[in-house]
Amino acid sequence: MTHFNEGTIQFEGAGSKNPLAFKYYQADEKINGKTMAEWMRFSVAYWHTFTADGTDPFGAPTMVRSWDRFSGMDLAKARVEAAFEFFEKLGVPYFCFHDVDVAPEGSTLKESFKNFDEITDMIESYMKTSDTKLLWNTANLFTHPRYVHGGATTNNADVFAYAAAQVKKGLDTAKRLGAENYVFWGGREGYETLLNTDMKLEMDNMARFFHMALDYAKEIGYSGQFLIEPKPKEPTKHQYDFDVATSLSFLQKYDLADHFKFNIEANHATLAGHTFEHELRLARINGMLGSVDANQGDTLLGWDTDEFPTDLYAATLAMVEIFQNGGLGSGGLNFDAKVRRASFAQEDLLEAHIAGMDSFAIGAKVAAKLIEDRVFDGVIENRYKSFTEGVGLDIVNGKADLKSLEQYALSLDEIRNESGRQERLKGILNQYLLETLSQVRV
Ligand code: XUL
Ligand code: CO
């Protein structure tokens with residue numbers, strides 16, 4: 001059965017009025033020495049695209065998909081069929097899933113595993129003839145009521161064991177399907193009130209959980225990259241993986257930093273009070289930028305809206321970080337994004353992904369030009385030039401101490417600072433954006 005009537009999505013160029021065509025994303029177009037496809041490694045998030053139904057806290061489902069005529073395992077199978085059709089239409093190289101997205105949970109863990117294995121068999125056989133690979137999979141340790149107090153950070157050791165079993169199965173599946181990464185997003189790993197919380201035990205247990213996962217991956221020979229996905233809040237009030245800085249210190253404290261990188265989500269960054277590019281930069285300069293959940297939030301709303309990324313400014317600055325990182329390695333740009341509740345038509349799924357891919361394609365073009373012309377590098381180099389000579393160089397080389405610096409400071413007649421020129425730089429960024437857009441217009 002066919003789920004999407006539309007043909008394969010083609011590149012038609014910036015002048016195209018066809019909503020089902022790429023205007024800027026051309027998989028084999030070279031930018032900065034590699035193709036767009038190689039740099040961006042786009043991925044479809046199974047949960048938003050094939051399982052979401054438009055439910056929100058105030059309203060019933062709005063999205064009735066072609067696969068919804070089935071139920072149970074038949075529904076799960078129809079979704080796999082629809083998913084691979086979708087991947088092919090879009091020409092997207094990767095997808096991602098949680099265990100419970102692809103197969104229904106049974107009434108026992110054994111039954112859940114049986115369902116999951118059966119669907120994994122099906123996914124595996126589709127992957128044999130598909131160009132789409134698995135960017136990452138993960139275990140959902142947050143939806144089921146058993147995880148009400150957390151998964152790895154629960155007060156209930158039976159729940160910890162159950163979560164561990166789900167991750168073990170997830171790693172077996174990652175190995176089987178060749179997942180290039182394995183993700184941990186700490187959905188319920190946080191707390192609501194300290195009045196009932198042993199914070200130290202919870203954090204120690206979370207580290208124990210990660211060590212067990214690493215040990216098991218080693219044991220079975222699974223060599224995908226482990227990723228932590230920071231988020232500051234929602235569903236818990238305070239999440240332990242708050243942001244990159246917090247998670248990095250956690251990983252360092254528990255001797256895990258060498259084995260993990262970060263999966264940075266744009267909307268999680270803004271919820272943490274950071275920009276997307278702040279989180280990417282912090283991960284990058286620590287050698288920890290692994291992958292990206294490409295979406296965007298709404299500055300007027302304080303929750304995780306997971307919108308498709310269409311902000312060209314943010315996409316440009318994100319691509320600057322990704323280029324400076326030499327790419328994302330085994331990571332990619334995963335659209336952890338959902339169409340709005342009112343965008344309930346099935347083709348909205350394709351159009352939303354096209355908008356996201358085109359936005360990052362523009363971002364990549366602008367970023368490549370900014371890097372080629374050393375727009376920011378040049379300014380930054382010049383701004384810190386005092387650390388390349390004299391007393392600054394001594395500080396950087398560890399040749400200065402408080403005494404030598406006091407002597408130097410006492411000898412100064414006046415201190416002169418120079419303007420940071422922020423507004424000029426923002427103007428230049430706009431010029432690059434507009435110039436790039438005018439060049440691609442046909
Ligand atoms: C939740 C979120 C998750 C993770 C995977 O905010 O981003 O979907 O990406 O569990
Ligand atoms: Co995410």
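As the structure is a computational prediction, the values presented were derived from the model and not from experiment.
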Which salt bridge (Lys or Arg N to Asp or Glu O under 4.0 Å) pairs, counting each pair once, include a residue from residues 369-378, with sequence neighbours left out? K369-D373, R374-E381
Write out all pairs satisfying salt bridge (Lys or Arg N to Asp or Glu O under 4.0 Å) with one or both partners inside residues 350-368, taking only residues at least two apart or from two chains. E29-K365
Honestly, is R79 close enough over Y46, meaning NZ or CZ under 6.0 Å from the six-membered ring centre and within 45° of the axis? no
Scan for side chain to side chain donor-acceptor pair (under 3.5 Å) pairs involving [range], sequence neighbours excluded, and state none if there are none.
range	result
residues 392-405	D401-S404
residues 86-96	R41-Y94, E85-K89, Y94-E180
residues 133-142	N140-T143
residues 209-227	D172-Y216

Does the gap between the ring centers of [X] and [Y] come in under 6.0 Å?
X	Y	result
W39	F323	yes
H259	F226	no
F387	Y384	no

How many angstroms lie between [atom1] in [X] and [atom2] in [Y], if you round to the nearest 0.5 Å?
X	Y	atom1	atom2	value
F262	I228	CZ	CD1	6.5 Å
I362	L312	CD1	CG	5.0 Å
R340	D56	CZ	CG	10.5 Å
I264	M288	CD1	CE	9.5 Å
T270	Q296	OG1	CD	9.0 Å
L349	I354	CG	CD1	11.0 Å

Quick one: do L429 and L370 satisfy side-chain contact (heavy atoms from CB on, under 4.5 Å)? Show the steps, please. CA-CA 8 Å; L429 180 52; L370 286 164; 3.7 Å; yes
Audit row: E105, D99, side-chain contact (heavy atoms from CB on, under 4.5 Å) steps and yes/no: CA-CA 9 Å; E105 283 195 85; D99 44 7; over 6 Å; no
Between K169 and D117, does at least one N-O distance fall below 4.0 Å, as a salt bridge requires? yes
Donor-acceptor contact present, side-chain [X] to main-chain [Y], <3.5 Å:
X	Y	answer
S419	R421	yes
T197	T193	yes
D243	A269	no

Stepwise side-chain contact (heavy atoms from CB on, under 4.5 Å) test for Y254 and R208: CA-CA 9 Å; Y254 291 102; R208 291 184 181 107; over 6 Å; no
I'd like to check [X] versus [Y] (side-chain heavy atoms, cut-off strictly below 4.5 Å). Are they in contact?
X	Y	result
N267	E307	no
F250	F210	yes
Y25	I9	no
Q431	I428	yes
F86	F95	no
R188	L141	no
F97	T51	no
V92	H353	no

With sequence neighbours excluded, residues passing side-chain contact (heavy atoms from CB on, under 4.5 Å) with [X]:
X	value
N382	K385
R284	R281, L289, E321, Q324, N325
D131	none
K426	Y313, Q422

Carefully, step by step, assess T35 and E38 under the rule side-chain hydrogen bond (donor to acceptor under 3.5 Å, both in side chains). CA-CA 5 Å; T35 65; E38 284 166 337; 3.3 Å; yes
Side-chain donor-acceptor contact under 3.5 Å, Q439 with T436: no
Taking atom types as modelled, find out whether N295 and D306 have a side-chain donor-acceptor pair closer than 3.5 angstrom. yes
With H98 as partner, the option from F142, F184, Y182 fulfilling ring pair (Phe, Tyr, Trp, His ring centres under 6.0 Å) is F142
Let me know which of F242, Y240, W185 forms a side chain to side chain contact (heavy atoms under 4.5 Å, CB included) with K231. W185
E192 atom CD, over 12 foreign heavy atoms within 6.0 Å: yes
Is the number of heavy atoms from other residues, nucleotides or ligands within 6.0 Å of CD (E389) greater than 12? yes
side-chain contact (heavy atoms from CB on, under 4.5 Å) between L280 and V244, worked out: CA-CA 9 Å; L280 293 168; V244 170; over 6 Å; no
Name every donor-acceptor pair, under 3.5 Å, that has one atom in a side chain of residues 328-337 and the other anywhere in the protein, sequence neighbours excluded.
| unit_1 | atom_1 | unit_2 | atom_2 | d |
| --- | --- | --- | --- | --- |
| S330 | OG | N181 | OD1 | 2.8 |
| N334 | OD1 | S43 | OG | 2.9 |
| N334 | ND2 | D293 | OD1 | 2.9 |
| D336 | OD1 | W47 | NE1 | 3.1 |
| D336 | OD1 | H48 | NE2 | 2.6 |

Identify each donor-acceptor pair in which a side-chain atom of residues 149-161 lies under 3.5 Å from a protein atom, sequence neighbours left out, and give them as a table.
| unit_1 | atom_1 | unit_2 | atom_2 | d |
| --- | --- | --- | --- | --- |
| T153 | OG1 | E189 | OE1 | 2.6 |
| T154 | OG1 | N156 | N | 2.9 |
| N156 | OD1 | D158 | N | 3.0 |

Begin from the C-alpha positions of Q239 and T236 and carry the test side-chain hydrogen bond (donor to acceptor under 3.5 Å, both in side chains) through to its verdict. CA-CA 6 Å; Q239 306 260 152; T236 68; 3.0 Å; yes
Show your working on salt bridge (charged side-chain N to carboxylate O under 4.0 Å, His left out) between R176 and E124 and close with a plain yes or no. CA-CA 8 Å; R176 248 182 92 182; E124 190 175 32; 2.8 Å; yes
Where D198 and L201 come nearest, the two heavy atoms and their spacing: OD1-N, 3.1 Å
